[in-house]
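Read through the structure below, which is laid out as structure tokens, and then see the notes.
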Amino acid sequence: MTVGAVIVHGGAGSVPEERRAAHVAGCARAVEAGLEVLRAGGSALDAAQRAVEVLEDDPLFNAGYGACLNEAGEVELDAAVMDGAGLRFGGVCAMPPVRHPIAVARALLEEGRHALLADHGADAFAVAHGFERLSADALITPAARARLEAVRAGRAESGWAGGTVGAVAWDGAHVAAATSTGGMVGKARGRIGDSPIPGAGTLAEDGVGGVSATGHGEAILRSGTGHHVVAALRAGASASDAAASAIAALHSGTGSTGGVIVLDGAGRPGRANNTETMSWAYGTSTGERDAGW
Ligand code: ASP
């Protein structure tokens with residue numbers, strides 16, 4: 001049997017109690033999908049991508065279908081995937097609606113010409129590579145509309161939406177990380193968060209580990225949360241300690257909040273968050289399972 005491990009998150013934030021079980025169940029389904037890919041002989045990169053696709057399809061999460069809306073009421077998507085083998089990276093940002101932005105990021109990684117594409121360029125790349133361009137409202141859920149209305153009416157603050165998704169996978173040889181989000185409710189048009197930026201929201205390096213972050217994107221960008229995790233792992237910290245120190249640094253440096261999931265270079269898991277909730281799930285091809293918020 002192939003050795004392997006997958007950890008996912010469904011976003012740092014404060015999910016109300018009555019919805020927490022559903023968030024955890026969604027994360028657990030994504031882990032199973034990732035492990036299934038590994039069982040079938042797929043790579044860590046394939047498994048991380050698949051786990052994120054499952055969460056992009058789930059309207060509970062702020063990614064793909066169910067993504068939050070910017071101040072103009074539009075969906076603009078950020079997603080990235082990184083292969084710890086050769087530090088290969090592909091990211092799309094402020095991208096118009098497509099069913100699986102993470103798959104477009106993967107196609108960019110495979111092409112190898114550029115690391116990041118934004119907006120119209122990402123859209124043109126996607127269409128040229130056979131992805132279907134969706135109508136402007138195809139990914140918009142009633143809940144996403146209601147959240148933007150609440151912000152516009154002053155009943156809720158504009159802020160990060162919670163429900164961003166990420167996955168880190170290990171296939172016995174390689175580690176990969178993937179993150180996908182609609183960003184922040186009521187964000188300015190063209191705003192790009194941490195998720196598609198290597199070293200901020202997404203990072204993977206074979207033999208060291210991988211990380212996907214969630215939380216206040218501007219703060220995670222400034223703090224270099226992904227780099228912090230990988231530097232700590234490289235210095236010999238456990239996955240749990242690396243995760244905790246990155247979140248401590250995020251808080252002490254910026255006063256802000258977020259969370260990370262981590263696998264070290266041998267697939268051992270860690271996670272940390274200083275928000276009320278961060279749904280997550282973890283599994284291995286040898287039958288270990290764990291999940292929570
Ligand atoms: N980090 C994401 C962003 O700022 C949001 C989140 O994780 O909920 O775009």
Side-chain angles (χ1 to χ4, degrees), residues 7-16 19 23 26-27 52 55-56 58-64 66-71 74-81 91-95 101-102 105 116 118-119 122 139 143-144 147-148 151 156-168 177-203 211-229 243 246-247 250-251 254-262 271-280 293:
I7 188 166
V8 312
H9 71 75
S14 54
V15 171
R19 288 214 299 273
H23 274 248
C27 289
V52 164
L55 293 163
E56 287 177 338
D58 189 330
L60 266 187
F61 298 99
N62 173 21
C68 71
L69 305 180
N70 67 14
E71 64 189 3
E74 303 157 336
V75 167
E76 288 187 318
L77 303 164
D78 290 348
V81 61
V92 292
C93 34
M95 186 180 186
I102 199 69
L116 264 178
D119 195 358
L139 298 177
R147 278 201 300 269
L148 180 62
V151 168
E157 279 181 36
S158 166
W160 95 79
T164 287
V165 307
V168 184
T179 312
S180 181
T181 188
M184 294 166 73
V185 183
K187 66 186 180 180
R189 279 178 134 174
R191 179 264 186 187
I192 295 163
D194 60 296
S195 307
I197 307 301
T202 306
L203 196 62
V211 50
S212 171
T214 168
H216 186 211
E218 281 69 9
I220 294 169
L221 279 164
R222 288 186 281 129
S223 182
T225 300
H227 273 307
H228 192 110
V229 168
I247 294 304
L250 174 69
H251 192 255
T254 68
S256 202
T257 54
V260 287
I261 51 165
V262 180
R271 69 192 150 76
N273 62 293
N274 61 354
T275 48
E276 202 186 329
T277 65
M278 180 180 75
S279 52
W280 62 276
W293 60 75

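All ligand and atom numbering here is 1-based and tracks the order in the structure.
- Taking the side chain to side chain contact (heavy atoms under 4.5 Å, CB included) definition, one finds that R19 meets it with V15, P16, H23, L60, sequence neighbours left out.
- Where the criterion is an N or O separation shorter than 3.5 Å, residue side chain and backbone included, G217 meets it with respect to ligand 1.
- Residue contacts with ligand 1, taken as heavy atom pairs separated by less than 4.0 Å, involve D194 solely via side-chain atoms from C-beta onward.
- Closest to atom 4 (O) of ligand 1 by heavy atom, among R191, K187, M184, is R191.
- Applying side-chain hydrogen bond (donor to acceptor under 3.5 Å, both in side chains) to S212 and the options T179, T225, T202 leaves one that passes, T179.
- Using a 4.0 Å cut-off between a side-chain N of Lys or Arg and a carboxylate O of Asp or Glu, R191 and E218 qualify as a salt bridge.
- Counting atoms of ligand 1 from 1 in the listed order, those under 4.0 Å from a heavy atom of G215 are 1 (N), 2 (C), 3 (C), 4 (O), 5 (C), 6 (C), 7 (O).
- Applying the side-chain hydrogen bond (donor to acceptor under 3.5 Å, both in side chains) test to E74 and every residue at least two apart in sequence or in another chain returns N70, R189.
- The atoms of ligand 1 that sit less than 4.0 Å from any heavy atom of T164 are 2 (C), 5 (C), 6 (C), 7 (O), 8 (O).
- Contact of the E71 side chain with the V151 side chain is not registered, since no non-hydrogen atoms from C-beta on lie closer than 4.5 Å.
- Near T214, with a cut-off below 4.0 Å to any heavy atom, the atoms of ligand 1 are 6 (C), 7 (O), 8 (O).
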